[in-house]
Amino acid sequence: MSFERLNIAKMHGYSPGEQTDSGNTIKLNTNENPYPPSPEVASALSSIDVDCLRRYPVPMADSFRETASRLHQVSPGNIIPANGSDELLRLAITTFVEAGEVIAVTQPSYSLYPVLAAIQDCKLIEIPLQANWDMPADFFEQLEKSAAKMLLLVNPQAPTGGLLSTDYILQLASSFSGVIVLDEAYVDFVDPELNYDSVSLINSCENLLILRTLSKGYSLAGLRFGYGIGAESLIDPIMFKTRDSYNTDHISQQLANAALKSIEYSKEIWRRIRLDREVLRSSLNELGLVTPASQTNFLLCQVPDSIGAENLYQLLKQGNILVRHFDQDRLRDKLRITVGKESENLALITAIKEILGQL
Ligand SMILES: *Cc1c(COP(=O)(O)O)cnc(C)c1O
């Protein structure tokens with residue numbers, strides 16, 4: 001006997017990447033940051049008075065909103081904090097898309113999106129990227145034809161790593177009649193020389209909701225804290241109607257605030273990861289694992305048929321190195337590898353060389 005709603009009974013849940021307790025695993029499978037959170041986060045944690053936990057948290061995380069608004073040069077009313085950006089994705093769908101309406105995504109994209117669409121009983125339209133992972137030339141037309149109410153778009157893109165320009169986002173937002181949820185989970189790793197800046201668009205694009213997370217760039221995946229940036233007409237209904245009144249807790253508000261205030265610490269880490277990303281990429285390419293450029297903290301490499309991606313994943317796992325393999329169209333012959341510390345990346349390359357018989 002099942003009490004589930006029909007669409008819930010029919011759907012499959014999200015399968016997150018493996019987590020492990022083992023201290024000697026090199027974990028390059030879930031795009032976590034290999035470096036610790038900033039010392040300011042550690043001291044904010046140690047100065048939390050447990051007695052404060054008797055009380056409910058500040059409902060709208062005012063201090064965090066203030067800090068985030070200063071960082072992004074917007075007003076606090078343009079910021080909505082959430083229990084991870086995953087929560088905000090779900091809230092955006094609940095708030096703006098009715099059951100039966102269409103949500104558009106690219107293919108491939110973040111594998112949580114189809115799950116969230118299924119929970120809301122929405123139709124999902126997947127628009128394929130080109131073979132080189134560029135957006136299709138007629139993307140705007142395909143989107144228009146789909147009659148989508150919402151577009152969920154990762155930028156820089158996942159799991160492919162490419163970056164759409166600010167100008168492209170502006171054109172897209174101007175031509176699309178629905179809401180664009182621009183998921184910038186990896187934006188911290190974008191090369192600053194590219195001058196990417198979507199936040200400056202929120203005043204002219206009332207349909208643009210930008211998602212940020214502290215999970216990747218700020219080494220705080222375990223904290224569960226993300227936030228949205230957008231016009232107040234997008235933020236307000238989520239803030240005052242659809243979210244839980246206390247969706248972020250007292251501890252995470254303090255720590256998230258400390259993390260943004262000590263952004264200089266994280267910027268140094270982002271610089272390090274960008275450098276290591278390029279080294280890892282050229283090593284993979286030298287080994288014949290074709291790996292396009294990435295503006296994120298991961299690389300998506302193609303594994304030659306002679307080894308097989310799933311097989312390489314298993315062999316690496318036997319050697320205590322975890323990477324991500326997706327059993328999905330267009331990704332089955334590839335591995336997604338998080339950029340780790342220099343020593344971890346070297347261990348990965350050594351292990352692949354051993355497997356290939358090149359040592
Ligand atoms: C990691 C990730 C998220 C999730 O962020 P949380 O804040 O940890 O919920 C969202 N979108 C994409 C594309 C991600 O890779």
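Below, each value reflects all heavy atoms present in this structure, side chains not excepted, and no hydrogens, waters or symmetry copies. All ligand and atom numbering here is 1-based and tracks the order in the structure.
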Donor-acceptor side-chain pairing of [X] and [Y] below 3.5 angstrom:
X    : Y    : answer
Y56  : D249 : no
D183 : Y113 : yes
N155 : Y186 : no
T248 : N83  : no

>> For atom 2 (C) of ligand 1, what is the closest protein heavy atom, and at what distance to 0.1 Å?
In response: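 For atom 2 (C) of ligand 1, the nearest protein heavy atom is K216 NZ, 2.5 Å.
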> Of the protein's non-hydrogen atoms, which lies at the shortest distance from atom 15 (O) of ligand 1, and what is that distance?
Replying inline: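 Closest protein heavy atom to atom 15 (O) of ligand 1: Y186 OH, 2.5 Å.
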In ligand 1, which numbered atoms sit nearer than 4.0 Å to a non-hydrogen atom of [X]?
X    : result
S215 : 6 (P), 7 (O), 8 (O)
G84  : 7 (O), 9 (O)
T213 : 5 (O), 6 (P), 7 (O), 8 (O)

> For residues 88-101, which residue pairs qualify under side chain to side chain donor-acceptor pair (under 3.5 Å), counting only residues two or more places apart or in two chains?
Replying inline: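 For residues 88-101, and leaving out neighbouring residues, the side chain to side chain donor-acceptor pair (under 3.5 Å) pairs sorted by first residue read T95-T242, E101-K149.
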Looking at ligand 1, would [X] count as a contact under a 4.0 Å heavy-atom criterion?
X    : result
D183 : yes
R224 : yes
G226 : no

> Does ligand 1 have a heavy atom under 4.0 Å from the side chain of D86, from its backbone, from both, or from neither?
Replying inline: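 Answer for D86: both.
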> Relative to ligand 1, is S85 under 4.0 angstrom through side chain, backbone, both or neither, heavy atoms considered?
Replying inline: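 Both backbone and side chain.
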I want to know whether [X] and [Y] have ring centres closer than 6.0 Å.
X    : Y    : result
Y265 : W270 : no
F225 : Y218 : no
F140 : Y168 : yes

> Is any N or O atom of Y110, backbone or side chain, closer than 3.5 Å to an N or O atom of ligand 1?
Replying inline: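 Among all N and O atoms of Y110, none is under 3.5 Å from an N or O of ligand 1.
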